Amino acid sequence: MNKLTYCPKCGHQTLIWDGSNRWSCSHCDFVLYHNCAAAVAVVIKCKDEIFLTRRSQEPGTGKLDLSGGFSEPHESAEQTCCRELHEELGIQIDPSRLRILMTQPNVYRYRNMDYNTMDIFFEYEVEEKFPVRLETEEVSAGIWFSIKELPIDEIAFPSQRTFFRKYLGLLH
Ligand SMILES: [Zn+2]
């Protein structure tokens, strides 16, 4: 982040990063905010099992993940859930059955850039396990885990590990 030093407006090397989410130019009035991005994560639950995917790309290659992803501009979090689950797993979900559980901040590092996110966690309960068609190169497998035997330490993101510790506490 601190490698961005040239102002894209006036061209001087006078861009200053505040160490968090704002660049400003000391030579002109240019300001750029790199604000928190919204992202969703969906706990697909069938009785006492939940569905996780295994990541096949950075960050967190080989580790476990919940289905979900970044919200697109002008999209609701529920619409993001529908779109991402369709893109990743080839399933159509009913947005009215999504239940929001909690939010957690996260830092998503992609190609040496840190993206601060607000992860929004939803639960989606299904009556029966669905046939999974992995539709994207982002995930290599879909796995059902018994909630009691969930390998929390194998989950890629700290926000999801924090979420699961709280979520498992809520279930008991
Ligand atoms: Zn400038």
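Each ligand, and each atom within it, is numbered from 1 in the order the structure gives. If you're wondering where the values come from, they're calculated on a predicted model, not measured in any experiment.
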| said: With 2.8 Å as the limit, count the protein N, O or S atoms near the Zn ion (ligand 1). | reply: 4
| query | Is the closest basic N to carboxylate O distance between K129 and E49 below 4.0 Å? | reply | yes
| said: Check the orientation of W23 and W17. Use parallel for under 30°, tilted for 30 to 60°, and perpendicular for over 60°. | reply: parallel
| query | What do you reckon, are the aromatic ring centroids of Y167 and F121 less than 6.0 Å apart? | reply | no
| request: Is it possible for you to check whether R99 lies under 6.0 Å from the centre of the six-membered ring of Y124, through NZ or CZ, and within 45° of that ring's axis? | output: no
| query | Does the distance from a Lys or Arg side-chain N to an Asp or Glu carboxylate O, for R83 and E87, drop under 4.0 Å? | reply | yes
| Flag side-chain contact, heavy atom, 4.5 Å: F70 against E84 | no
